[in-house]
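The shown structure was predicted, so the numbers you read here are calculated from the model rather than taken from an experiment. In what follows, chains carry the letters A, B, and so on, assigned in the order in which the sequence lines appear, proteins first and then strands, with residues in each chain numbered from 1.
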Amino acid sequence: MTRGHAEALVPMVDETLREAGLGFPEIAAIAVTVGPGSFTGVRAGLAAARGLALARDLPLIGIDSFAAIAHALPARECAGRATVVAIDTKRRDLYLSAVFASGETAVEPCVARPEDVIGLLPAAPIALAGDGRHMLRPLLQEVDVREIAIDGPDARDVALIASRLAASRETGRPALPLYLREPEAVVPKFGGRLRP
Amino acid sequence: MLATVGDRGYLADMRTQSAKSGMIVLGIETSCDETAAAVVRADRAVLGEALFSQLSEHRPYGGVVPEIAARAHLVHLDDMIRRAMQQAGLGFADLDGVAATGGPGLIGGVIVGVMTAKAIALAHDLPFLAVNHLEGHALTARLTDDASFPYLLLLVSGGHCQLLAVEGIGRYRRLGTTIDDAVGEAFDKTAKMLGLGYPGGPAVEKAADRGDPARFPLPRPMVGRPGCDFSFSGLKTAVRRHIERLPPGPIDDRTLADMAASFQVAVGDILADRCLNAMERFRAGWGGATLVVAGGVAANRHLRQRLGEAAASAGMELIAPPLRLCTDNAAMVAWAGIERLRLGLSDALDFAPRPRWPLDPEAGAARAQSLAMVDGVA
């Protein structure tokens, strides 16, 4: 719903505050997903969050999609497992990150084709989540994989992570998109001139 | 390239005036390659303004790359807003509304501006105004010269070339439009072929200053024909043919200047001829006596002069806003917001950005139908 975000998001913020019986004076910080994900959708969320923070002079806390999805994993089912989050780019590859059970990074957030990244994943038991998990699953026959049916980030996890960060005076990521991919643009030959 | 305009004359020392001078609106413009914010008051005072030009980021590509533009808007917009507000010496709670270009334009950038504006509006419970970018250009003459309705508008930019009867806020009747390229597009393509760089308008104008406009005979499509439509495709092709006929090797400066001048004068003749037809129709149908020129191409000095002469010969007055309000800017967006707010108009926070948004929707529908019939589809 890339286009739908631009319509739905701001009224949703309004509604959520009303439901909570809160106004902006009671809000301490604005947290926002920075991606990776649809470029346009990520920007819609970030622009709104940055607008709110600017208008109310509030701190901004950026949370990446991997952290938000990992936060939602059921603790008991995933105990002792490395976490692999695979997000479908809708372009036949994946946004991917992997973290060992110890909390150490196994694969830094990246964009990759499933077959290119499979050798980099932890050989240990894995908890696999994200809407791109079905693209990795067939390639992980030899590994103990627990698939968790979580597709994407949930705003509750974003807010929960941020409140924990804020309590320990951490700032999270900067509130700018984590694109992981350069914009597609071709520099024309001779700058388009008819003569070199 | 960062340009703030804190010390310009029009940034009146009116900040200290009483609140009686009327409502104050923050305007945001992100529909192409300028990231801009401005604070404007209903008494036509521009209280604060900041603009970031993304030119250097797009130049290597010879045109605006939508994804690069959208990325840059997000990075720079809140800083531009902060500067404009600081310059105005105002807090967000002092505003009466927040306006943003809601279209037409590059959708990625429009979304950034619209979302930021909606968020500020929500945060301070202010009206949100989704402004048609073309209406921003159309109403600039009321910000700068207090033009009264109705007036005839020549809207000339990189994406548009139209003649419209402006009857009031939100009320436009299109008298003519381009049947192929926009005039700014013709400038850009000519500049590109000549290797004059991007953007083409200022580059061609600069080169033309030193050129002989009589050296290359170029066609004037549509000139002398009835109606108010434009065509620039044939002119562009003629420029290409002339360049191809030149001796091999790089083009010398003299030839570049002569070609640019020949092209610019041809464009002037076309615009003047079509405007003369439109002025006749406008005087008969609407009774107004003002021709307004707006949009980026209106910054061209030769064209302004040519249009001034055409208007005078038709007994009409030409209003051409100052150069910096012809190109994309946020003051015009804020002003269009004020105009709409004064009529009690505003937009819901679920407004959907509109990549296409004609000023006269009926004219668009009529043209689509006639084109479909030509294609044998209808």
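Here A:P183 is the residue among A:A175, A:P183, A:A185 with the most heavy-atom pairs under 4.5 Å with chain B. Of all the listed residues (B:D78, B:I120, B:L196), the one sharing the greatest number of non-hydrogen pairs under 4.5 Å with chain A is B:D78. For chain A, the option among B:F351, B:Y198, B:Y61 with the highest count of heavy-atom pairs below 4.5 Å is B:Y61. The candidate from A:A49, A:G51, A:P177 with the greatest count of non-hydrogen atom pairs under 4.5 Å with chain B is A:G51.
Here the side chains of A:V10 and B:F128 are not in contact, with every heavy-atom distance at 4.5 Å or above. Residues B:R71 and A:F39 have side chains in contact (heavy-atom distance under 4.5 Å, counting atoms from C-beta outward).
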A:F24 and B:L122: CA distance, side-chain angles, deciding distance, side chain to side chain contact (heavy atoms under 4.5 Å, CB included) verdict: CA-CA 10 Å; A:F24 282 100; B:L122 175 69; 4.1 Å; yes

Full working for side chain to side chain contact (heavy atoms under 4.5 Å, CB included) between A:T40 and B:I107: CA-CA 9 Å; A:T40 310; B:I107 190 70; 5.9 Å; no

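Heavy atoms only, all atoms of each residue included: B:V65 and A:E184 are closest at CG1-O, 4.0 Å. Residues A:A47 and B:M115 share a closest heavy-atom pair of CB-CB, 3.7 Å. What you find for B:V75 and A:R50 is that their closest heavy atoms are O-NH2, 3.5 Å.
Both the backbone and the side chain of A:L52 come within contact range of chain B, each with at least one heavy atom under 4.5 Å from a heavy atom of that chain. Heavy atoms closer than 4.5 Å to chain A are found in both the backbone and the side chain of B:V112. In this structure, the portion of B:I81 lying under 4.5 Å from any heavy atom of chain A is its side chain and not its backbone.
Heavy-atom neighbours of B:R82 CZ from other residues, nucleotides or ligands within 6.0 Å: above the threshold of 12. Around atom CD of A:E142, no more than 12 heavy atoms belonging to other residues, nucleotides or ligands sit under 6.0 Å away. Atom CZ of A:R181 sits in a crowded spot, with more than 12 heavy atoms from other residues, nucleotides or ligands closer than 6.0 Å.
Separation of atoms CG (A:L9) and CD1 (B:I111) is listed at 11.5 Å; rounding is to 0.5 Å. Rounded to the nearest 0.5 angstrom, B:I68 CD1 and A:E182 CD are separated by 9.0 Å.
Remark: side-chain polar atoms of B:K118 are not paired, donor with acceptor, to backbone N or O of A:P11 under 3.5 angstrom.
A salt bridge links B:E67 to A:R43: at least one charged side-chain nitrogen sits closer than 4.0 Å to a carboxylate oxygen.
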